[in-house]
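Here the structure is laid out as structure tokens; the discussion comes afterwards.
Everything quoted here is computed from the prediction, not taken from an experiment. These numbers come from the heavy atoms of this one structure, side chains and all, not from hydrogens, waters or symmetry mates. We count ligands from 1, going down the list as the structure has it; atoms in each ligand are counted the same way.
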Amino acid sequence: KMFEDSVLDNLETQIVSSSRRHVSAEPLDTHTMTLNASPSAQTRVLIRGGRVVNDDMMLDADVYIEDGIIKQVGSNLHTPGGAKVIEAKGHLVIPGGIDTHTHMQLPFMGTFAVDDFYTGTRAALAGGTTMIMDFALPSRGESLVEAFHKWRAWADPKVCCDYSLHVGVTWWGPKVEAEIQELSRDLGVNSFKMFMAYKDTWQLDDTELLNAFTACKGAGALAQVHAENGDAIKENSRKLLAQGITGPEGHELSRPEEVEAEATNRACVLANQVGCPLYVVHVMSKSAADVVREKRKAGHIVFGEPIAACLGTTGQHYTHTCWRHAAAFVMGPPLRPDPTTPSYLMELLANGDLQCTGTDHCTFNASQKALGKDDFTKIPNGVNGVEDRMSIIWENGVTQGKMDPCRFVAVTSTNAAKIFNIYPKKGRIAVGSDADIVVWNPHATRVISAKTHHQAVDFNIFEGMEVHGIAHYVLSRGRVVVEEGEVRAVSGSGEFVANPPYSPAVYARTPARDAARAWKKVERAPYTGPVIDLSSSSTSNGATTAAGEERCVARRSAGQQQQQQEITYSRGSSTIENSPKRPSVKVNQPPGGNTVGSFW
Ligand code: URP
Ligand code: ZN
Ligand code: ZN
């Protein structure tokens, strides 16, 4: 908050002082021109006459950029010569979009996602996204740090915009815990994704999830979950295939909403048990979103990320009679057939129940999807979104009157920058911030199509949709990479952005919350009565009812202590034992009889 205040103070000072200066640029009769062209022209840019929109304010102001950084915001700026001028009258000047969830060139289900770090980030820029957050996903047993370096080597020479990496925790062991520490402390990763689906490959069980959440908490990192019950999916898939349902509709039938909602609830409960903040990626259904909303209301530190796909289209496409069309929509969790889903999720996003937006951009061409032509479980999971996310949210959010431009900025960039701890470097138009800027035309329209999009994939799940909101100009660290809609991206010009641990937006209230929720021991005199001898093999009740009651009370007390010790161990230790610690005592005739559902 203090940081935020200082940014605002800075901004206000800048506006006041710059309004006393006079305009240095001549009136323009074209959209752009370079004043006193010089070799430095490309590093100096003046965006003139637009409406600056941040998550908390809008103001009509010019923005002056030098060497990739915003240097002045205000009216009548005094700027040095040699600046490229972008005329932004009638446009909004917004922070570049941050897509929190992509998978460029992901090796997955026997093939590779077709959009790589070049085509994917180029398409991102075309749509007004200036930063992506991708995932380094090690295979089972592979080092997380090695996977991180592998992804960096893939991305660095290709990215046209800035990027950061989340890392997947696809297996568990002491080495993984150490690597979560190392990645958070030294390598700029502050978020780790755990999978509750993809049984037999990436799925973690509950004990492993608890261990991973504990390790994230210890490292000041944010735990992320892919929330679907992988066991239920596997069993449903087996039954569907046995019934001859092999087409893409089987994908959705095998993992209905409650499979997502159950896992979302379980993830929230498990994370909360160890006090770890949680981020639910790709929240795809109304019921899963409701879980996030309810848990937030109950005080959990949990964030929810719907994606462009579920905000812009539905799972009704799974019953399309063209196999290729239906297969194009296969992703996990699936899009939902309920046609009210996009509008419902947009409302939650608009009103603060959900926070960030990604795309899960992970694209496969027809011939790749066809790996599952006879078995829906073999269709590579993934859809497009990186190019169209901003327009989809503008169209279904702002144009539909669900959110204002400030909230649009919050859910497309600022909240992500805050949660992943790169604010206000990213996600804000302010002095000192990176010049990742979009000059957004809110009135222009376009029709989305695979024929015209910049993505490498041969299909677009939003095909034919007319959207308002176009990225007229895009600047990536001050470089003009989209000019009047023309993309001029340069491979390798983007940079890796380190996400530091202990994000204030995530961890600021955890110490006080942990203290307030700490377990309290009850001080009492020790029990001094008789204790049943469990080694005795007597089969008779042998005691009066009163004595039986007494033993029952004694046993209950012991049981509670045992349970207490187990839980204390779980919270206090960095690794939780898999084996249940229960007394292995056979009681033939439990006191009180064999009533089902009793304490025994
Ligand atoms: O279908 C999806 N979501 N593909 C990408 C991998 C993942 O689970 O995010
Ligand atoms: Zn996922
Ligand atoms: Zn994903």
Quiz item: Parallel, tilted or perpendicular: which describes the rings of Trp394 and Phe408, with under 30° parallel and over 60° perpendicular?
Solution: perpendicular
Practice problem: Please determine if Lys193 forms a cation-pi arrangement with Phe135, meaning its NZ or CZ atom is less than 6.0 Å from the six-membered ring centre and no more than 45° off the ring axis. | Solution: yes
Self-check item: Lys239: side-chain contact (heavy atoms from CB on, under 4.5 Å) partners, not counting sequence neighbours
Solution: Glu235
Quiz prompt | Partner set under side chain to side chain donor-acceptor pair (under 3.5 Å) for Glu262, not counting sequence neighbours | solution = Asn229, Arg266
Quiz item: Do the ring centers of His226 and Phe195 come within less than 6.0 Å of each other?
Solution: yes
Inventory of protein N or O atoms under 3.5 Å from ligand 1 N or O:
{"from": "ligand 1", "atom 1": "1 (O)", "to": "Gly332", "atom 2": "N", "distance (Å)": "2.8"}
{"from": "ligand 1", "atom 1": "3 (N)", "to": "Gly332", "atom 2": "O", "distance (Å)": "2.9"}
{"from": "ligand 1", "atom 1": "3 (N)", "to": "Asp360", "atom 2": "OD2", "distance (Å)": "2.6"}
{"from": "ligand 1", "atom 1": "4 (N)", "to": "Asn381", "atom 2": "O", "distance (Å)": "3.2"}
{"from": "ligand 1", "atom 1": "8 (O)", "to": "Tyr198", "atom 2": "OH", "distance (Å)": "2.8"}
{"from": "ligand 1", "atom 1": "8 (O)", "to": "His226", "atom 2": "ND1", "distance (Å)": "3.0"}
{"from": "ligand 1", "atom 1": "9 (O)", "to": "His103", "atom 2": "NE2", "distance (Å)": "3.1"}
{"from": "ligand 1", "atom 1": "9 (O)", "to": "Lys193", "atom 2": "NZ", "distance (Å)": "2.9"}
{"from": "ligand 1", "atom 1": "9 (O)", "to": "Asp360", "atom 2": "OD1", "distance (Å)": "3.2"}

Practice problem: Could you confirm whether His103 has any N/O/S atom lying under 2.8 Å from the Zn ion (ligand 3)? | Solution: yes
Exercise. Provide the atom name of the closest N, O or S atom of His101 relative to the Zn ion (ligand 3).
Key: NE2
Practice problem: Keeping waters out of it, list the protein N, O or S atoms under 2.8 Å from the Zn ion (ligand 2). | Solution: Lys193 NZ, His226 ND1, His282 NE2
Quiz prompt | Ring centres under 6.0 angstrom apart (Tyr279, Phe192) | solution = no
Exercise. Please work out which of the three classes, parallel, tilted or perpendicular, describes the rings of Tyr507 and Tyr502, given edges at 30° and 60°.
Key: perpendicular
Exercise. Decide, yes or no, whether a salt bridge links Lys402 with Glu347 under the criterion of side-chain N to carboxylate O below 4.0 Å.
Key: yes
Practice problem: Give a yes or no on this: more than 12 heavy atoms of other residues, nucleotides or ligands lie within 6.0 Å of atom NZ of Lys286. | Solution: yes
Quiz item: With a 6.0 Å cut-off on ring centres, are Phe108 and Trp202 close enough?
Solution: yes
